[in-house]
S.K.: 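Input: one structure, supplied below.
Proteins get letters first, then strands, A, B, ... in listed order; numbering begins at 1 in each. What you are looking at is a predicted structure, and each value in this text was computed from that prediction instead of being measured.
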Amino acid sequence: MSRYTIVKGFKDILPGEVEVWQRIENVAWDIFEDFGFSQIRIPVLEKTELFTRSIGTSTDIVEKEMYTFTDRKGESLTLRPEATASIVRAYIEHKLYARDPVFKCYTMGPMFRRERPQRGRYRQFYQINAEVIGLNSPKSDSELILILMTIMKHLSVPGIFLHINSLGCKECRARFKGRLREFLDQVSGSLCPDCFRRREQNPLRIFDCKVPTCQETISEAPSILDFLCSGCHAHFEEVQENLKGFKIPFEVNNRLVRGLDYYTRTTFEAITTELGAQNALAGGGRYNGLVQALGGPDQPGVGFAIGLDRLAALLIPQAKENKKKPRLFIAALGAQAQREGFSWLETLRIDRKIRCEMDFEDHGLKTQMKRADRLGASYVLIVGDRELEERVAVCRNMMTGEQKPVSLKGNIDDIIENICLAIA
RNA sequence: GUGGGUGUAGCUCAGUCGGUAGAGCACCGGGUUGUGGCCCCGGUUGCCGCGGGUUCGAGUCCCGUCACUCACCCCA
């Protein structure tokens with residue numbers, strides 16, 4: 001065990017995995033651009049108050065998961081636990097609403113939450129985020145979901161399901177919470193200790209409880225969907241209509257509550273069956289009061305986040321080895337051949353853009369051949385004293401075993417040209 | 001924060017009743033003085049997670065501790 005080890009819950013993304021991450025990003029970026037989204041890059045550190053204001057002080061994230069510290073001048077800073085707050089902050093700070101009434105953006109980066117790590121859950125984890133600020137139409141809710149599911153489709157993500165719900169606006173939620181409390185008071189005896197506590201603080205969260213007796217108890221509970229005002233009801237109906245129009249299968253899940261306080265109306269989650277307990281691949285929703293709550297104009301917003309680590313974990317097993325193989329391996333024997341081979345190597349790479357490798361340690365031919373084979377080189381150029389003297393190298397096709405002479409006469413340009421012809 | 005599982009070679013893992021540490025893969029060398037894969041032969045690799053205890057003797061039993069991991073919780 002080495003002396004220096006990675007911080008608990010953090011993760012190195014090694015060569016072989018990175019390619020999968022890049023593919024996901026490339027697919028997502030393409031689709032975002034097709035839908036008229038622009039990229040934004042924001043810092044990982046913000047003033048703590050931004051998150052307590054936006055996420056909500058009684059949420060788990062703010063209560064016990066944030067990496068918060070005071071800097072050298074005593075200011076409380078926090079490594080961002082999510083991206084939306086920062087994006088909204090940037091939107092307000094740079095008065096982006098004045099540039100264009102509709103702001104559509106995407107970003108990617110690490111988030112930090114100090115939870116107990118487990119499969120699919122890290123203390124530094126990556127999200128791809130997309131946000132639309134300035135549109136209240138259910139069309140933008142459905143379009144965002146369409147984007148999300150299009151990305152998943154292009155990546156051939158297996159076993160994915162979409163759950164949607166509506167949390168209503170401030171008014172419907174207040175009426176619902178009142179009724180829910182009444183209900184919970186009646187059944188409080190059969191709730192687990194956690195839920196008993198949640199009853200007062202955050203009654204909606206009880207819907208997320210996985211204790212079987214609680215599940216059974218709340219199956220009788222009133223549904224938020226029965227409490228939506230006419231506006232929220234119509235909004236939710238249209239979102240569903242649009243999804244049907246896009247032929248996106250979904251399930252209305254009236255128990256889908258999300259962990260951030262700022263959500264209103266539409267919420268959604270993309271779930272996978274193949275990832276163990278941490279099965280949420282992506283989640284999002286509408287946040288109509290958030291911009292104003294953070295001191296901006298009263299602009300509505302919708303957004304989603306994709307869990308990149310989870311998505312990559314899902315895709316890595318089926319990813320094939322796609323390490324780039326060299327076209328040519330130069331097997332140089334002896335000091336003089338090493339010198340000449342070295343200059344050919346770099347010239348081929350720079351001037352001819354040919355993927356090319358050689359062994360700098362001047363090993364025997366057998367060892368160099370093995371190395372060429374392991375790297376998957378298509379051709380090997382063999383150059384030793386004999387070849388230098390006769391000014392003719394040997395070019396071996398590693399697939400067929402066929403060997404052809406390559407003239408080393410003339411200046412370096414001639415030689416490079418001859419090599420290129422031999423491996424064309 | 002709470003519970004379970006696992007820590008032995010670079011990797012995957014055996015290790016019986018407590019008796020000097022093993023296999024496969026990988027790596028290195030040889031068979032082939034300058035030709036890869038396949039085959040054969042040989043070799044290297046270990047604070048058996050760490051600390052203590054029991055014992056003539058501990059990878060093995062006991063206690064502690066740390067790490068990893070899965071799950072609860074929560075969420076991406």
S.K.: With a 4.0 Å cut-off, would you call A:Arg181 and A:Asp185 a salt bridge?
M.R.: no

S.K.: Ignoring the backbone of A:Arg310, work out which of B:rA76, B:rG37, B:rG34 is nearest its side chain.
M.R.: B:rA76

S.K.: Touch check for A:Ala372, heavy atoms < 4.0 angstrom, all strands: base, sugar-phosphate only, or nothing?
M.R.: nothing

S.K.: Within this structure, what is the CE-to-P distance between A:Met399 and B:rG36, rounded to whole angstrom?
M.R.: 18 Å

S.K.: Under a 4.0 Å threshold between the charged nitrogen and the carboxylate oxygen, would A:Glu357 count as salt-bridged to A:Arg371?
M.R.: no

S.K.: Starting at atom CZ of A:Arg121, determine the distance to atom P of B:rC68, rounded to an integer number of angstrom.
M.R.: 14 Å

S.K.: CG of A:Asn279 versus C1' of B:rA76: gap in Å, rounded?
M.R.: 11 Å

S.K.: Rounded to whole angstrom units, what separation is found between the CE atom of A:Met358 and the P atom of B:rG36?
M.R.: 19 Å

S.K.: From the options B:rC68, B:rG34, B:rA76, select the nucleotide whose nearest atom is closest to the side chain of A:Ala305.
M.R.: B:rA76

S.K.: Answer yes or no: does a side-chain N or O of A:Lys366 lie under 4.0 Å from OP1 or OP2 of B:rG34?
M.R.: no

S.K.: Is the A:Phe32 ring parallel, tilted or perpendicular to the A:Tyr106 ring (thresholds 30°, 60°)?
M.R.: parallel

S.K.: In whole angstroms, how far is the P atom of B:rC38 from the CE atom of A:Met369?
M.R.: 14 Å

S.K.: Measure the acute angle between the ring planes of A:Phe112 and A:Phe10, then classify it against the limits of 30° and 60° as parallel, tilted or perpendicular.
M.R.: tilted

S.K.: Any idea which of B:rG34, B:rA76, B:rG36 is nearest the A:Leu333 side chain?
M.R.: B:rG34

S.K.: Expressed in whole Å, how much space separates the P atoms belonging to B:rC38 and B:rC28?
M.R.: 14 Å

S.K.: Checking all strands, does A:Arg386 fall into the base, sugar-phosphate, or nothing category for heavy-atom contacts under 4.0 angstrom?
M.R.: base

S.K.: Name the closest nucleotide to the A:Asp373 side chain, picking from B:rA76, B:rG31, B:rG37.
M.R.: B:rG37

S.K.: Rounding to an integer number of Å, can you tell me how far A:Met398 CE sits from B:rC38 C1'?
M.R.: 14 Å

S.K.: Mind checking A:Glu387 for me? I need base, sugar-phosphate or nothing, with any heavy atom below 4.0 Å counting as a touch.
M.R.: base

S.K.: What do you reckon, is NZ of A:Lys153 surrounded by more than 12 foreign heavy atoms closer than 6.0 Å?
M.R.: no

S.K.: Please report the distance, rounded to the nearest Å, between NE2 in A:His363 and P in B:rG36.
M.R.: 16 Å

S.K.: Relative to each other, are the rings of A:Phe304 and A:Phe268 parallel, tilted or perpendicular (30° and 60° limits)?
M.R.: perpendicular

S.K.: Specify the separation, in whole Å, of atom CD of A:Glu269 and atom C1' of B:rA76.
M.R.: 9 Å

S.K.: Using heavy atoms and a sub-4.0 Å distance, could you list which residues of residues 104-119 of chain A are near RNA chain B? By number, please.
M.R.: A:Arg113, A:Glu115, A:Arg116, A:Gln118, A:Arg119

S.K.: Counting heavy atoms from C-beta on, name the nucleotide in B:rG37, B:rC27, B:rC68 closest to the side chain of A:Arg396.
M.R.: B:rG37

S.K.: Within the stacking criterion (centroid distance below 5.5 Å, interplanar angle below 30°), does A:Phe125 stack on B:rA76?
M.R.: yes

S.K.: The side chain of A:Ala280 lies closest to which of these nucleotides: B:rC27, B:rG29, B:rA76?
M.R.: B:rA76

S.K.: Answer with base, sugar-phosphate or nothing: what part of the nucleic acid does A:Glu65 contact at a heavy-atom distance below 4.0 Å?
M.R.: sugar-phosphate

